[in-house]
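Heads up, the thing below is written out as structure tokens.
Because the structure is a prediction, the values reported are computed rather than measured.
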Amino acid sequence: MSNQSLCRVCGGTVREFFDFGRQPLSDAFLPPGADLGEEFFYRLATGLCESCTMVQLMEEVPRERMFHQEYPYHSSGSAHMRGHFEELAKRLLTTELAGDDPFVVEVGCNDGVMIKALAEAGVRHLGVEPSGGVADLAAAKGIRVRKSFFEESTAKEIRAADGPADVVYAANTLCHIPYIGSVLSGVAALLAPTGVFVFEDPYLSDIVEQTSFDQIYDEHFFFFTVRSVQAMAAGHGLELVDVERLPVHGGEVRYTLAHAGARRPSPAVAELLAEEDARRLGELDTLRRFGENVLRIRDDLTALLRRLRAEGKRVVAYGATAKSATVTNLCGIGPDLVEFVCDTTPAKQGRLTPGTHIPVVPPEEFSRSYPDYALLFAWNHAAEIMAKEQAFTDSGGQWILYVPSVRTV
Ligand code: DWN
Ligand code: SAH
Ligand code: ZN
């Protein structure tokens with residue numbers, strides 16, 4: 001165990017600020033009959049690079065362990081997210097992709113939730129997606145998909161075969177890639193001189209502000225800020241030219257990079273940077289305070305669940321999110337405290353949650369006989385889920401939330 005590592009962006013020293021301990025892979029739901037003794041664990045801990053301020057995991061999980069044929073997350077599972085991506089696709093069609101014969105590449109297209117709209121509009125496109133099962137779902141929607149990890153070699157092959165890209169896009173994917181230098185070299189090689197690299201990921205500022213510590217798990221290797229993204233871009237002849245805060249997944253930022261000097265940066269970049277400095281996001285003290293808040297939430301949540309069990313209340317959970325692996329494993333929440341987790345994803349149903357072995361069941365189990373409390377693991381989809389499950393609260397049921405603090409509603 002080491003409380004120091006080398007920055008995957010700049011090679012500087014990364015100092016650890018929080019240790020979540022031994023954790024399983026967040027999306028490794030166990031099939032019936034799985035050997036529970038065979039589960040893979042790693043140490044989940046976060047650190048801050050003292051040179052470029054990039055917040056990152058101290059340990060990397062090999063990518064093939066996480067992203068493979070059975071990767072269970074289907075991006076199209078939320079109506080709200082489908083709308084979010086359709087809106088972006090529409091915007092790209094009238095801006096960056098409005099020229100003659102544009103070409104767009106999506107890194108981590110998953111089941112095609114975003115690129116589908118561009119494909120349907122007849123835009124020349126390519127989705128790059130290493131997880132075979134979800135890549136097949138995208139292909140079945142008529143999307144041109146390449147089943148591989150995007151990195152420098154992939155990017156160069158694409159450029160040679162298809163020519164330069166006007167847009168390279170990645171949602172909730174760039175932060176998953178520890179070998180980010182290779183990806184950025186690839187993007188720089190693939191982009192047309194006037195092209196843009198647009199990516200959106202959870203924003204460190206929102207995570208710290210709301211103590212949304214469950215955004216931290218094996219797949220989320222980096223936690224970006226304007227400052228750290230600027231440093232990362234500069235190392236590859238790229239420049240941050242625009243930022244936009246997004247309300248999805250608990251708070252994200254959409255970053256736009258262009259070749260250095262190709263575009264004039266929008267004032268939004270300097271504005272958000274000033275906000276980050278005022279919040280002291282690049283300082284260890286701020287992040288250590290975040291760690292103290294995590295422990296407070298852990299203690300409050302376990303105390304509440306134990307009290308409800310002692311009172312004989314029925315408690316279930318809603319949404320077998322990747323995020324919830326961090327919550328259940330940090331807090332020690334197993335089937336003794338939570339009867340089951342319901343989830344719409346067929347590939348998760350009938351399985352057990354990683355590390356804590358809570359059964360995952362279809363949503364019908366939830367409505368069959370409403371519990372007293374439902375722990376909302378998919379809190380980032382609260383509006384969508386609470387509207388859909390109005391009958392639960394009408395029956396007297398209450399939601400348990402833990403971001404930004406533990407409470408029932
Ligand atoms: O970054 C990532 C994001 C985009 O997706 C990946 N590393 C993995 C994954 O993270 P997650 O699993 O935490 O994402 P979500 O979108 O919070 O997952 C929601 C889960 O809840 C899914 O399993 C689907 C389920 N769900 C449901 O059962 N009923 C979702 C909705 C909206 C519902 O109504
Ligand atoms: N863009 C979708 C998917 C996010 S999940 C959304 O926003 O909902 C992250 C996805 O990144 C997974 O589908 C995973 O297989 C993919 N991924 C991981 N590493 C990758 C890489 N090097 N290149 C391309 N995709 C990658
Ligand atoms: Zn660094």
Stacked cation flag [X] on [Y], 6.0 angstrom / 45 deg:
{"X": "R289", "Y": "F17", "result": "no"}
{"X": "R22", "Y": "Y42", "result": "no"}
{"X": "R8", "Y": "F222", "result": "no"}

Requested in this report: Give the intermediate values and the outcome of side-chain hydrogen bond (donor to acceptor under 3.5 Å, both in side chains) for residues Y402 and D300.
Outcome: CA-CA 9 Å; Y402 49 87; D300 290 353; over 6 Å; no
For [X] and [Y], indicate whether the former's side chain and the latter's backbone hold a donor-acceptor pair under 3.5 Å.
{"X": "T345", "Y": "A347", "result": "no"}
{"X": "E283", "Y": "L281", "result": "no"}
{"X": "H74", "Y": "S76", "result": "no"}
{"X": "T46", "Y": "Q56", "result": "no"}
{"X": "R254", "Y": "E252", "result": "no"}
{"X": "Q4", "Y": "T13", "result": "no"}
{"X": "T302", "Y": "R298", "result": "yes"}
{"X": "T53", "Y": "G282", "result": "no"}
{"X": "T344", "Y": "P362", "result": "no"}
{"X": "H125", "Y": "V123", "result": "yes"}

Output yes when [X] and [Y] qualify as a salt bridge under the 4.0 Å nitrogen-oxygen rule, no when they do not.
{"X": "E87", "Y": "R91", "value": "no"}
{"X": "R124", "Y": "D166", "value": "no"}
{"X": "R309", "Y": "D336", "value": "yes"}
{"X": "E106", "Y": "R146", "value": "no"}
{"X": "D206", "Y": "R245", "value": "yes"}
{"X": "E276", "Y": "R279", "value": "no"}
{"X": "K156", "Y": "E152", "value": "yes"}
{"X": "E275", "Y": "R227", "value": "no"}
{"X": "R307", "Y": "E311", "value": "yes"}

For the residue pair [X] and [Y], what are the closest heavy atoms and their distance?
{"X": "F67", "Y": "P130", "result": "CB-CG, 4.3 Å"}
{"X": "L191", "Y": "R159", "result": "O-NH1, 3.6 Å"}
{"X": "P363", "Y": "Q349", "result": "CD-NE2, 4.0 Å"}
{"X": "A135", "Y": "K147", "result": "CB-CG, 3.8 Å"}
{"X": "V243", "Y": "A268", "result": "CG2-O, 3.5 Å"}
{"X": "H236", "Y": "A188", "result": "O-CB, 3.8 Å"}

Tell me, do [X] and [Y] make a side-chain contact under 4.5 Å, heavy atoms counted?
{"X": "V226", "Y": "V253", "result": "no"}
{"X": "F377", "Y": "D214", "result": "no"}
{"X": "Y373", "Y": "R314", "result": "no"}

Query raised in the report: What residues form a side-chain contact (heavy atoms from CB on, under 4.5 Å) with A171, not counting sequence neighbours?
Result: F85, Y169, E200
Query raised in the report: Excluding sequence neighbours, so at least two apart, what forms side-chain contact (heavy atoms from CB on, under 4.5 Å) with Q69?
Result: D136
Report task. Could you walk me through whether N110 and S75 pass the side-chain hydrogen bond (donor to acceptor under 3.5 Å, both in side chains) test, one step at a time? Result -> CA-CA 6 Å; N110 197 278; S75 298; 3.2 Å; yes
Starting at [atom1] of [X], measure out to [atom2] of [Y] and round the result to the nearest 0.5 Å.
{"X": "L272", "Y": "S205", "atom1": "CG", "atom2": "OG", "answer": "7.0 Å"}
{"X": "L44", "Y": "L330", "atom1": "CG", "atom2": "CG", "answer": "9.0 Å"}
{"X": "R63", "Y": "S131", "atom1": "CZ", "atom2": "OG", "answer": "11.5 Å"}
{"X": "T211", "Y": "N293", "atom1": "OG1", "atom2": "CG", "answer": "4.0 Å"}

Query raised in the report: What do the steps show when you test D27 against K348 for side-chain contact (heavy atoms from CB on, under 4.5 Å), and what is the final call?
Result: CA-CA 9 Å; D27 267 317; K348 294 181 183 177; 4.1 Å; yes
**Report entry** Steps toward side-chain contact (heavy atoms from CB on, under 4.5 Å) verdict (F150, I177)
**Finding:** CA-CA 9 Å; F150 184 95; I177 308 184; 5.6 Å; no
**Report entry** From CA spacing to verdict: side-chain hydrogen bond (donor to acceptor under 3.5 Å, both in side chains), H357, E39
**Finding:** CA-CA 11 Å; H357 310 151; E39 254 186 301; 2.7 Å; yes
Query raised in the report: H249: what forms a ring pair (Phe, Tyr, Trp, His ring centres under 6.0 Å) with it, not counting sequence neighbours?
Result: H381
Query raised in the report: Out of V409, V403, I400, L401, which residue meets the side chain to side chain contact (heavy atoms under 4.5 Å, CB included) rule with L376?
Result: L401
Query raised in the report: Do the ring planes of W399 and Y318 sit parallel (below 30°), tilted (30 to 60°) or perpendicular (above 60°)?
Result: perpendicular
Query raised in the report: When you look at E239 and H259, which way does the side-chain contact (heavy atoms from CB on, under 4.5 Å) test go after all the steps?
Result: CA-CA 6 Å; E239 187 179 6; H259 287 293; over 6 Å; no
Report task. Verify salt bridge (Lys or Arg N to Asp or Glu O under 4.0 Å) between D162 and R144, making sure each step is shown before the conclusion. Result -> CA-CA 12 Å; D162 293 310; R144 186 172 160 242; 3.0 Å; yes
Query raised in the report: Hey, do the aromatic rings of F224 and Y203 have their centres closer than 6.0 Å?
Result: no
Query raised in the report: Y217 pairs by side-chain hydrogen bond (donor to acceptor under 3.5 Å, both in side chains) with which of Q215, E219, H220?
Result: H220
**Report entry** side-chain hydrogen bond (donor to acceptor under 3.5 Å, both in side chains) between Y255 and Q230, intermediate numbers included
**Finding:** CA-CA 10 Å; Y255 303 88; Q230 277 183 328; over 6 Å; no
Query - Working for salt bridge (Lys or Arg N to Asp or Glu O under 4.0 Å), residues K116 and E120 - result: CA-CA 6 Å; K116 177 171 167 279; E120 283 170 0; 3.5 Å; yes
Query raised in the report: If we ignore angles and hydrogens, is there a donor and acceptor under 3.5 Å between the side chains of S228 and T225?
Result: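 T225 and S228 do have a side-chain donor-acceptor pair below 3.5 Å.
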